[in-house]
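Comments concern the structure below.
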Amino acid sequence: KNAASTQQRARSVTPPRGAVVRYNPSQQRNVPVPRSRNPTGSDAVHPQKDSMKQQRKAKTVAGVGAGVVVGTLVAGPVGFVLGAAAGGYAANKISKNGERRAQRHHEQKNFQQAATKSAAAQSGAFA
């Protein structure tokens, strides 16, 4: 009787082929993920992300200084404040744009490496 009820429960848990099944995280198995050699811990993130952030901070400070000098020369005390704000803002935005470009390049490089290692590429499916 126990074996029959266990089989019956197993059949009721397994949905028929092609059926829509609700996601239940408690039924999912842990899939091992290979260790990343990237210092950030993820291959999706640019390896120099932290150093780029530090460089962006330094560039922002330099932008504020340059804005202060130019603003003071152009418009005096009011230019001092406006130049500092504008210089810091511009330097920060330009630096972030460079970081995004580097991240995109990193993602494209990783994708191309994975694509060339794939079974389809090895078999010549894309030749």
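These numbers come from a predicted model, not from an experiment.
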Which residues share a side-chain contact (heavy atoms from CB on, under 4.5 Å) with Glu107, sequence neighbours left out: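 Only Gln103 meet the side-chain contact (heavy atoms from CB on, under 4.5 Å) criterion with Glu107.
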Listed partners of Ala84 passing side-chain contact (heavy atoms from CB on, under 4.5 Å), at least two apart: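 Expected list: Val64, Val68.
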Transitive ILVMFWY cluster of Leu82, excluding itself - 4.5 Å side-chain cut-off: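 Noted: Leu82 shares its cluster with Val78.
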Linked hydrophobic residues, Val74 as query - side chain contacts closer than 4.5 Å: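 Cluster partners of Val74: Val70.
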Heavy-atom side-chain contact between Arg104 and Arg100 under 4.5 Å: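 Heavy-atom side-chain distance check passes, below 4.5 Å.
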Spatial distance of atom CD (Gln113) from atom NZ (Lys109) [nearest 0.5 Å]: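 Answer for the CD-NZ pair, Gln113 versus Lys109, is 6.0 Å.
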ring-ring contact (aromatic ring centres under 6.0 Å, His included) partners of residues 39-67, not counting sequence neighbours, each pair once: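 Checked against ring-ring contact (aromatic ring centres under 6.0 Å, His included) - neighbours excluded - the pairs reaching residues 39-67 are His46-His106.
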Exercise: identify the closest heavy-atom pair between Ala91 and Gly63: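 That would be CB-CA, 3.9 Å.
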Where at least one partner belongs to residues 47-59, residue pairs that pass side-chain hydrogen bond (donor to acceptor under 3.5 Å, both in side chains), sequence neighbours excluded: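 For residues 47-59, and leaving out neighbouring residues, the side-chain hydrogen bond (donor to acceptor under 3.5 Å, both in side chains) pairs sorted by first residue read Arg56-Glu99.
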